[in-house]
Amino acid sequence: MDPSRVAHWQEAWAGAGLARGRRVPGHRKFYALVAYPGSSGFLHVGHLRGYAYADPLHRYHRMLGEEVLLPFGVHASGLPAVTWSRRFVDGDPALLEGLAERGVDAAARARLGDPEEAARFLGREYLRVFRRFGALVDESTFLTTVDEDYRAFIRWQFHALQAAGALVKASYFSSVCPVCGPVAVDASETDLQSGGDAEIVRFTTVPFRLDDGRTLLAATLRPETVFGVTNLWVAPGATLVVWHHDSGTYLVARSGAERLVEQHGGRIGHEVLASDLRNHAVTTPFLGRKVPILENTLVEPSLGTGVVMSVPAHAPADAAALAGLTAEDRDRLGTPPLLIEIDSQAALTSSEEELRAGEGLPAERALRAVAGGGPLDATTIETATERLYRLEFVRGRMTVPPFAGTPVKQAREQVAAQLLAAGASFELQEFTKPVICRNGHTVVIRRIPEQWFLHYSDPAWKAETQELVSRITTWPADYGRELPSILDWFGDRPCTRRGVWLGTRFPIDPEWIIEPIADSTFYMAYFVVRRFVHDGRLRAEDLTDEFFEYVFRGRGEGERRVDRTLQDEVRAEFLYWYPLDFNIGGKEHKRVHFPVFLYTHTRLLPAELQPRGIYVHGWITGPAGQKISKKEGAGKGGKIPATDRAMEQWGPDPLRLYYVVAASPSQDFEFDASAVDAAQIRLSDIERLVREAGGSGNGPPELDAWLDSVTHGWIHRAREAFDGTDLRHAAEIIYVEVPSLLRRYYNRGGTPGAASGRLARAWTLFLSPITPHLAEELGEGHFPGLVAQSLLPTVDEFHRSRTAEARESFLDQVEADLRAVLRASEGRGEPTSGELIFYVAEPWKATLESWLREGVDRNELPTVRDIMTRSKDHPELSAHRAEIPKYVERVGGLLRSEPVPEGPAVDEVATLRAAEGYLIRRFGFRSVAVYRESEAQPHDPKGRRERARPGRPAFFLVGRSTPATLAAAG
RNA sequence: GCCGGGGUAGCCGAGUGGCCAAAGGCGGCAGACUCAAGAUCUGCUCUCGCAGGAGUACCCAGGUUCAAAUCCUGGCCCCGGCACCA
């Protein structure tokens, strides 16, 4: 189609007010949305995927005569808009180029230094892109989460949650930049310069008392090995510091002390040289043994506390370090105690067995297994450690009292708990690598003493949400099975932050700003209200708690200042659109957004207003499956085109079809321009087929009947697919199957006429949900209004003829058989033309096959003897007694793997005769003759007629090489 | 480790007990059209086959079944999430 027509149709839809959701009492409605995007940069084609599902679904429902609403907003909360705005101010070249491409003028640019304005700008930009993609978004819903009315809504939401007991206060560990405030440490590095992939490790610190009352704190991930400590390690020449906490005096390395202060308070005192401790001994917890403090180059003072427990029996690094000790020191250690043994019953993998081979301490054996006779370098030690830790953690049991027999997994927790309970032990969290914030500061983990949480661990709330999960529909269904375990793990989440974020001030304590995830859990309800604000019928100051309590929950009298009937109207509107039919979002939402969305709804609304469905889609990735982000994706020359470039190159319809068909919705897929090309070609092919299909004449009646009948079939299946939100399957029917049906109609001798015109009309309508522009173009002049606002055809408009379908299936089978024979001979370079003679099976064979089929269904093939006996009562069979045994032998085994025949019997002779011309055209035969088996003898030099089966006529290709003639020629 | 999902033809990717030698796309081959290229259309694209068939095949090894890509057991390998991240 002419690309310039795209804008024309988009204007036509706008002009008809199609996108505007209307409440029509008595009409069914469909309300679904795409989880709103964050305002972090320009979109690339990957971001269109959600709308590639949402818009077709809405269009489908609209064409069922339902009222539909597809809202749009932008999630401006948090840091992304702040960062983007700062990048603008800093003159980021890619960003400026993006602005230039979009023709953003100086006046508009002047506002972008304000993060809130930047968020609004990006929101309008996204809206423009989605509109250009053909999505019918109701723009009266458009909002950002930093609009005043939205903030009023969020304030109500938090008051309501508090009243419902959903907010609690507790202390909390958070990643914080000491200068800029809290940051999110995650791979997207939205808030960070580097270190987004850092993980948090939780050390247990184990206290070892010196005789003078001071305590060394060793940091460990394996507190259960405290029973096997032979000594402590510190770095050679290390300097420790004193950490004063409550009444305790602890010795640790400086960076560890700094972390302890962040996480547990206290203060750092004077320095202590580790060499001064050289001749001291410390007392181990639990056992009270005296062990020495030794130096070891493997100790990294910046990790943990810089003090390490040595457990030579189970830690390869410690075992390896023994070799470096003087004989005198080694004597002081004594024999390393064994604490853990591997369950002898456990079935070990070969790699696990390998670790245990040989003699000596477990750590020594592991070292030998990994080193294989080679040197004990750092990598070897690390690998041995990793493998032994895993083995003992999974399969090991403690051998020392009081934990003898306890699995290591449990012992670890119990030891840590007992140490903590005894005091003088602390949990110490740290990153596995340095994390640097956007402004270049090192991010730390800090304890925040008074933090507000959403109390998602509340058993009653969780149970209610689980109950909701059991009722909702998810796509893919796997996600529904996964959700209960996600909720199981779901704990309290902090819902406020401090820092330079965008968001809404926490109404209970305005010092805080509500955290971005927490302010985007219930906005689906607010979109309905937003339309009234947009239309000027409500003002932000009207939106009080009383107002929302009434509108969303029917409680109280509402807000006095707002007109009563207006308030009732808003309430009615809310009750009309709710419950939400689908929340559509990328798979990144599976573990946070979707769960909290469900949580919030269960707490705020009654059962009948709970969401009905969640639709999860995968990502569009760059080459090699790389996730693409907004900041890198749209760059020049990349494989992932910017949205505008893609729309110019292909237009929206090929992209929309590509998205729907390219992969299952839940799959990620790599953007592939050549596949969009293919979609475009397919669409122009379809356009031609539809345009050529019109006409008034009739084709051969049996073919027209077939075309109507298969149209009945595909309409039924396409509707079913849409109803089940299986857009991909629907698209396969509409864009792959229908054209091939129409082509077959023509191939078989149908001509453009009334029948193909009926199909084309129905087809045009079904093209509309996924490729709406093309559908309008094809429907222009053929429908009273726009195609997009027409009703889809029903199956009743097309008569189903099983006879016609059976006839064509029969012919299909005949063709397949012919092709198989021709293919074999083509390979020998034989000519394909000649005379074709059919021999149609006699009815007695059908009777015989039905008997055999009965046997197959009972899973016991009748014997020839049974058949012969039974045939005595059937004259038409007994006349062929001589042929029966051979036939049974040949066909009996085949039946099992053949489909059960269905549909009415076909008049094979008449059908083949009617298809003579077709077969001549298609295969290039000189002539085609059809005989009943019984009359065929004079025309059957090779005795082929015996092969005839019901539905599978025998045939003979006259004038072809045969073994006999070949032999004669040779 | 825990939870979840996987390993399908040259590639991507459908497919959950028989209609599966396996949709669709890409790539490849042949033919048509064309001065030619491109585009488009048609057919083919595991192996063998002097007749509509046979053999082998959906990570590997076993098993259940009349029948397995599909169910079960074991193994090897891969991916995602694991908590505050929109």
Side-chain angles (χ1 to χ4, degrees), chain A residues 35-40 75 77-80 172 174-175 182-191 196 199-200 347 349-350 389-390 393-394 409 453 456 476 478-479 481-482 485-486 488-495 497 515-518 520 586-593 596 625 658 661-664 666-670 672 674-675 677-679 681-682 684-685 688 728-729 731-732 735-737 743 747 813-814 816-828 830 856 859-861 896-900 902 942 944 947 952 954-957 960-967:
Chain A
Y36 50 29
S39 47
S40 52
H75 194 212
S77 312
L79 202 54
Y172 166 65
S174 171
S175 41
V183 289
V185 176
D186 71 286
S188 71
E189 299 198 334
T190 310
D191 298 355
E199 290 172 30
I200 289 177
T349 65
S350 52
Y389 275 23
R390 172 164 300 189
F393 181 67
V394 180
K409 235 184 265 196
F453 283 77
Y456 295 126
D478 285 344
Y479 180 53
R481 285 192 285 277
E482 204 182 332
S485 59
I486 294 173
D488 271 346
W489 280 94
F490 222 85
D492 295 352
R493 294 181 64 96
C495 59
R497 291 171 151 188
E515 178 274 334
I517 289 173
S520 57
K587 64 182 187 182
E588 69 275 22
H589 296 308
K590 282 162 74 165
R591 268 144 214 289
V592 180
H593 169 67
V596 296
Y658 167 64
V661 172
S664 284
S666 55
Q667 286 277 336
D668 295 348
F669 65 87
E670 209 176 295
D672 178 358
S674 72
D677 289 338
I681 288 162
R682 188 180 284 284
S684 54
D685 197 27
R688 207 193 59 245
R728 189 173 202 251
H729 187 216
E732 275 169 4
Y735 297 88
V736 179
E737 185 180 331
R743 284 203 193 93
N747 281 338
Q813 181 61 58
V814 171
D817 286 345
L818 280 170
R819 242 181 261 119
V821 172
L822 290 169
R823 191 180 325 134
S825 48
E826 251 167 43
R828 300 191 293 274
E830 292 170 14
V856 167
N859 204 7
E860 48 185 39
L861 214 50
R896 218 198 292 277
S897 58
E898 287 180 0
V900 181
E902 48 184 58
K942 291 282 167 219
R944 298 267 193 243
R947 289 192 65 90
R952 309 283 296 268
F955 51 82
F956 175 52
L957 300 172
R960 304 184 58 79
S961 313
T962 63
T965 55
L966 273 180

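Computed from heavy atoms alone, side chains included, the values below leave out hydrogens, waters and symmetry copies.
- Between A:Asp677 atom CG and B:G38 atom P the separation is 15 Å, expressed in whole Å.
- The nucleotide whose nearest atom lies closest to any side-chain atom of A:Arg591 is, among B:G81, B:A23, B:G52, B:G81.
- Annotation: side chain of A:Arg682 is not in contact with side chain of A:Val661 (no heavy-atom distance under 4.5 Å).
- Counting only heavy atoms from C-beta outward, the side chains of A:Val814 and A:Phe955 never approach each other to under 4.5 Å.
- Residue A:Gly78 is out of contact with every strand shown, counting any heavy-atom pair closer than 4.0 Å.
- Here B:A14 is the nucleotide among B:G52, B:A14, B:G25 with the atom lying nearest to any side-chain atom of A:Ser664.
- In the set B:G80, B:A51, B:G24, the nucleotide with an atom closest to the side chain of A:Val821 is B:A51.
- Within 4.0 Å (heavy atoms only), A:Ser666 reaches no atom of the nucleic acid at all.
- In a base pair of the Watson-Crick type (N1 to N3 plus N6-O4 or O6-N4) or a G-U wobble (N1-O2 and O6-N3), with each distance short of 3.5 Å, B:A57 is matched with no nucleotide.
- When each of B:A51, B:A83, B:A23 is scored by its nearest atom to the side-chain atoms of A:Trp489, the top-ranked nucleotide is B:A83.
- A:Asp685 comes within contact range of the sugar-phosphate backbone alone, with a heavy-atom separation under 4.0 Å but no base atom that close.
- Put simply, OH on A:Tyr479 is 14 Å from P on B:G81, counting in whole angstrom units.
- Contact annotation for A:Arg743: backbone-only contact, meaning every heavy-atom pair under 4.0 Å involves sugar-phosphate atoms and none involves a base.
- Nearest nucleotide to the A:Glu732 side chain, out of B:C44, B:C85, B:A23: B:A23.
- Ranking B:U40, B:C41, B:G25 by closeness to the A:Ile681 side chain, first place goes to B:U40.
- At a cut-off of 3.5 angstrom, the base of B:G52 holds no donor-acceptor pair with the side chain of A:Arg952.
- In terms of phosphate contacts, A:Ser175 brings a side-chain nitrogen or oxygen within less than 4.0 Å of OP1 or OP2 of B:C85.
- In terms of phosphate contacts, A:Ser674 brings no side-chain nitrogen or oxygen within less than 4.0 Å of OP1 or OP2 of B:G27.
- Here the side chain of A:Arg682 is nearest to one of B:C85, B:G24, B:C26, namely B:G24.
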